[in-house]
Amino acid sequence: ADQVVLALGRRGTPRKLNIAGEEKSKVMYKLIDAELYQNEHILIVGGGDSAVEAAMGLARQKGNTVTLSYRKDKLFRIKTRNQKRLDELVRDGKVEVLFNSQLTEILDKEVTLRCGDELRQLRNDYTFIFAGGEPPFKLLREIGIQFGTASP
């Protein structure tokens with residue numbers, strides 16, 4: 001072939017946080033079906049639309065306690081409709097948002113977050129991490145893929 005198009009998507013391999021407990025089976029990097037999670041304590045890490053949409057879907061399930069952890073002081077990159085829906089869920093007590101927080105450890109039944117100068121432990125059954133992805137640039141370069149505009 002003269003040209004090949006690779007449509008790998010924008011996300012690539014999920015970005016890991018490199019923290020203790022991240023290898024546990026209760027840690028996931030995508031949400032397939034929110035209805036599978038009911039009566040659970042769930043932490044979602046991230047500040048983009050994927051994290052917010054996961055929080056909204058999980059908060060609507062019976063009996064879930066949902067916490068959204070984000071490392072900055074406010075959400076910057078989310079759609080306006082997601083911000084409005086999240087605000088409603090926070091107001092109704094369905095989602096707690098912890099700004100300026102970072103997940104530091106994942107244990108079997110709880111997680112530890114750094115919130116400012118304080119460590120906070122939360123009961124936890126599942127942790128969803130939406131921290132972006134690592135594009136496969138290294139692999140692509142190794143197999144001879146060149147980036148940039150092609151010459152005719």
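Remember, predicted model here, so these are calculated numbers, not experimental data.
Separating the CZ atom in Arg60 from the CD atom in Gln38 is a distance of 14.5 Å, to the nearest 0.5 Å. From Asn100, atom CG reaches atom CG of Asp117 across 11.0 Å, with rounding to the nearest 0.5 Å. The CZ atom of Arg77 lies 7.0 Å from the NZ atom of Lys72; values are rounded to the nearest 0.5 Å. From Thr127, atom OG1 reaches atom CD1 of Ile42 across 9.5 Å, with rounding to the nearest 0.5 Å. A distance of 7.0 Å separates CD of Glu53 from CZ of Arg81, quoted to the nearest 0.5 Å. The NZ atom of Lys16 sits 4.0 Å away from atom OH of Tyr29, with the distance rounded to the nearest 0.5 Å.
Judged by distance alone, with hydrogens and angles left aside, the side-chain atoms of Arg15 form a donor-acceptor pair with the main-chain N or O of Ala131 at under 3.5 Å. Judged by distance alone, with hydrogens and angles left aside, the side-chain atoms of Gln61 form a donor-acceptor pair with the main-chain N or O of Gly57 at under 3.5 Å. A donor-acceptor pair under 3.5 Å links the side-chain atoms of Asn64 to the main chain of Leu58, judged by distance alone.
Side-chain atoms of Val45 and Gln102, non-hydrogen and from C-beta on, never get closer than 4.5 Å to each other. Annotation: side chain of Val66 is in contact with side chain of Ile44 (closest heavy-atom distance under 4.5 Å). Here the side chains of Tyr70 and Phe76 are in contact, with some heavy-atom distance below 4.5 Å. The shortest side-chain heavy-atom distance between Leu122 and Leu113 falls under the 4.5 Å cut-off. Ile19 is listed as a side-chain neighbour of Leu103, based on a closest heavy-atom distance under 4.5 Å. Side-chain contact between Tyr37 and Asn39 is absent, with no heavy-atom pair separated by less than 4.5 Å. Looking only at side-chain heavy atoms (C-beta outward), Leu75 and Ile78 come within less than 4.5 Å of each other. Taking 4.5 Å as the limit, some side-chain heavy atom of Leu86 sits within range of a side-chain heavy atom of Val95.
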**Request:** With side-chain hydrogen bond (donor to acceptor under 3.5 Å, both in side chains) as the test, would you mind laying out the steps for Asn82 and Asp49 before giving the verdict?
**Result:** CA-CA 7 Å; Asn82 282 344; Asp49 282 309; 2.7 Å; yes
**Message:** Using the rule given for side-chain contact (heavy atoms from CB on, under 4.5 Å), can you reason through Lys84 versus Thr80, listing the C-alpha separation, both sets of side-chain angles and the distance that settles it, and then say yes or no?
**Reply:** CA-CA 6 Å; Lys84 288 179 183 176; Thr80 303; 3.9 Å; yes
**Request:** Could you give me the CA-CA distance, side-chain angles and deciding distance for Lys30 and Ile32, then say whether side-chain contact (heavy atoms from CB on, under 4.5 Å) is met?
**Result:** CA-CA 6 Å; Lys30 62 183 170 182; Ile32 306 242; 4.0 Å; yes
**Request:** List the steps, then state whether salt bridge (Lys or Arg N to Asp or Glu O under 4.0 Å) holds for Glu96 with Arg120.
**Result:** CA-CA 14 Å; Glu96 179 182 13; Arg120 182 171 172 184; 3.1 Å; yes
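Residues Leu107 and Ile129 are members of separate hydrophobic clusters, defined by side-chain heavy-atom contacts under 4.5 angstrom among Ile, Leu, Val, Met, Phe, Trp and Tyr. Put simply, Val111 and Leu119 are part of two different groups of oily side chains (I, L, V, M, F, W, Y) that touch within less than 4.5 Å, one to the next.
Across every non-hydrogen atom of Glu22 and Leu17, the tightest pair is OE2-N, 2.7 Å. Listed here is the closest heavy atom pair of Gly46 and Leu68: O-CD1, 3.4 Å. Across all their heavy atoms, Ser101 and Ser69 have their closest contact at OG-OG, 2.7 Å. Here the closest heavy-atom approach between residue Ala59 and residue Lys94 is recorded as CB-O, 3.6 Å.
Under the side-chain hydrogen bond (donor to acceptor under 3.5 Å, both in side chains) test applied with Asn124, the options His41, Lys26, Glu110, Lys109 reduce to a single match, Lys26.
With sequence neighbours left out, the salt bridge (Lys or Arg N to Asp or Glu O under 4.0 Å) criterion links Lys79 to no other residue.
Between Tyr126 and Phe128, the ring planes are tilted. Angles from 30° to 60° get that label.
Within 6.0 Å of CD on Glu35 lie no more than 12 heavy atoms contributed by other residues, nucleotides or ligands.
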